Amino acid sequence: MEALLKQELGCSSVKATGHSGGGCISQGQSYDTDKGRVFVKVNPKAEAKRMFEGEMASLTAILKTGTVKVPKPIKVLDAPGGGSMLVMEHVDMRYLSSHAAKLGSQLADLHLENKKLGDTLHKEASTVGKGGQLDRPFVNQFGFDVVTCCGYLPQVNDWQEDWVAFYTQQRIQPQMNMVEKGSGDREALELWAALQLKIPDLFRDLDIVPALLHGDLWGGNVAEDSTGPIIFDPASFYGHSEYELAIAGMFGGFSSSFYSAYHSKIPKSPGFEKRLQLYQLFHYLNHWNHFGSGYRGSSLNTMRNLLK
């Protein structure tokens, strides 16, 4: 491993630090190099390269906004013995506590950043002599340039102009297809058939501007250092900002100060709570498809509640 990193990173010295980490998907290890400390995530699965390339593109996109700190991605490599690796900047992280409100504020800034680009473009277009040139283009559709993975399952990020169509066809439907293939659960399929007819009503009179999302913002993917909050392990795409808060509310780890700071910049729109359940449905289904039928009850109950 050290020899490979030396060669690929152009370093003259690489040494494992003993710092390791990882979650239920990949394992990680830190290395000291003469160019600074790096963190290397390794996954042996054949499809890991696609997953890590999606993560690298996500980190790069968030980094460019200058809103919230993420580890700087460096390179995706083939791992010795199969699978892939993602090399990134090592960041000393601790549990999110004192910077929770700052994270709420910075996350809102991330979600508003594309809207601000659009507002600037509109303003400059109406000003004589201004060509509407921005550092980065305004994104007016929902999706992402590459496939990203929530866990190890790929997300369909094909660009769409309509958010409801995007979410229904490219988030929930692929999960339901996996449920059908895995268990043929008739009750789940019947509930989903009924729910599809109701979804457009949840978005009536709502103007949704695409927002760059982290995409998998649960308590295990946030931290802080001495300078402020850090988010990592993203599965980014341009979507509805409310989607971000769905998994955040499912497994805890976010204080009231986080939500207060966020909603002071992005207030709740009418129907917020019901849409939050709709967005949580994706994560319950995704967990069902990752970890088994222990999440079946939560998935079906969510659909039942949305049909009331």
Side-chain angles (χ1 to χ4, degrees), residues 1-11 13-33 35-62 70-93 144-157 171 174-175 177-179 181-183 214-223 230-237 247 251 282-283 285-295:
M1 179 68 85
E2 280 89 342
L4 176 66
L5 290 173
K6 266 190 199 177
Q7 178 190 321
E8 292 290 341
L9 303 181
C11 300
S13 71
V14 176
K15 187 185 176 192
T17 64
H19 287 273
S20 62
C24 46
I25 306 296
S26 302
Q27 291 304 307
Q29 170 76 51
S30 291
Y31 294 85
D32 279 327
T33 81
K35 294 185 175 182
R37 183 173 285 187
V38 297
F39 184 71
V40 181
K41 281 174 75 171
V42 184
N43 189 292
K45 286 179 180 277
E47 59 269 28
K49 188 165 194 175
R50 176 179 62 187
M51 178 176 75
F52 285 148
E53 284 174 344
E55 184 175 342
M56 182 157 176
S58 300
L59 289 168
T60 302
I62 296 169
V70 292
K72 291 186 186 77
I74 299 169
K75 212 167 191 181
V76 175
L77 302 171
D78 292 327
S84 285
M85 315 187 307
L86 173 58
V87 185
M88 67 185 90
E89 165 196 28
H90 173 95
V91 181
D92 282 318
M93 296 189 283
F144 204 54
D145 283 330
V146 300
V147 170
T148 51
C149 296
C150 195
Y152 58 76
L153 293 174
Q155 302 186 123
V156 183
N157 286 331
R171 286 297 176 267
Q175 294 288 336
N177 293 345
M178 281 184 265
V179 167
K181 190 178 176 186
S183 64
H214 173 284
D216 190 17
L217 200 81
W218 68 289
N221 287 345
V222 301
I230 305 154
I231 60 177
F232 51 95
D233 289 358
S236 292
F237 63 99
I247 196 168
F251 302 112
F282 167 81
H283 293 290
L285 291 169
N286 193 43
H287 277 67
W288 183 355
N289 286 314
H290 270 89
F291 307 117
S293 60
Y295 287 93

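Worth saying up front: this structure is predicted, and the values here are computed from it rather than measured. When a residue number appears, it is its place in the shown sequence, counting from 1.
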Chemist: Any side-chain heavy-atom pair from Leu4 and Met85 closer than 4.5 angstrom?
Modeler: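 In contact.
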
Chemist: Any idea which heavy atoms bring Ser30 and His90 closest together, and the distance?
Modeler: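 Looks like OG-ND1, 2.7 Å.
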
Chemist: Compare all side-chain heavy atoms of Asn157 with those of Val146 and state whether any distance is below 4.5 angstrom.
Modeler: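 When only atoms from C-beta onward are counted, Val146 and Asn157 do not touch, as no gap falls below 4.5 Å.
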
Chemist: Any side-chain heavy atom of Asp233 sitting closer than 4.5 Å to one from Asp216?
Modeler: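 Not in contact.
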
Chemist: Shortest non-hydrogen contact from Met88 to Pro73?
Modeler: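 Heavy atoms of Met88 and Pro73 come nearest at CB-CA, 4.0 Å.
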
Chemist: Check whether any side-chain heavy atom of Pro234 lies under 4.5 Å from a side-chain heavy atom of Val70, and answer yes or no.
Modeler: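 Sidechains of Val70 and Pro234: no contact.
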
Chemist: At their closest point, which heavy atom of Ala223 faces which heavy atom of Phe232, and how far apart are they?
Modeler: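 Scanning both residues completely, I find the closest heavy atoms to be CB-CE2, 3.9 Å.
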
Chemist: As an exercise, state the distance from SG of Cys11 to OH of Tyr31, rounded to the nearest 0.5 Å.
Modeler: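 Rounded to the nearest 0.5 Å, the SG-OH separation comes out at 12.5 Å.
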
Chemist: If I compare all heavy atoms of Pro174 with all of Val156, which pair ends up nearest, and what's the gap?
Modeler: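 In terms of heavy atoms, the two residues are closest at CG-CG2, 4.4 Å.
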
Chemist: Verify side chain to side chain contact (heavy atoms under 4.5 Å, CB included) between Val42 and Gln29, making sure each step is shown before the conclusion.
Modeler: CA-CA 8 Å; Val42 184; Gln29 170 76 51; over 6 Å; no

Chemist: Hey, could you give me the OH/CG distance between Tyr152 and Asn286, rounded to the nearest 0.5 Å?
Modeler: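 Reported value, rounded in 0.5 Å steps: 9.0 Å.
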
Chemist: Is the distance from the ring center of His287 to that of Phe251 below 6.0 Å?
Modeler: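 Yes.
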
Chemist: Could you tell me if the side chain of Leu5 sits less than 4.5 Å from the side chain of Leu77, heavy atoms only?
Modeler: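 They are in contact (side-chain heavy atoms under 4.5 Å apart), so the answer is yes.
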
Chemist: Provide the closest heavy-atom pair for Val91 versus Ile230 in the form atom of the first, atom of the second, distance.
Modeler: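 Shortest heavy-atom contact: CG1-CD1, 3.5 Å.
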
Chemist: Just verifying a value: how many Å separate Glu53 CD and Ser84 OG, rounded to the nearest 0.5 Å?
Modeler: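 The distance works out to 7.5 Å.
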
Chemist: Please round to the nearest 0.5 Å and tell me the distance separating atom OG of Ser236 and atom CD of Glu55.
Modeler: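 Rounded to the nearest 0.5 Å, the OG-CD separation comes to 9.5 Å.
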
Chemist: What are the two closest heavy atoms between Lys41 and Ser26, and how far apart are they?
Modeler: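 Smallest heavy-atom distance, with atoms named: CE-CB, 4.2 Å.
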
Chemist: At what distance, to the nearest 0.5 angstrom, does CG of Leu9 lie from NZ of Lys35?
Modeler: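 Here the interatomic distance stands at 7.5 Å.
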
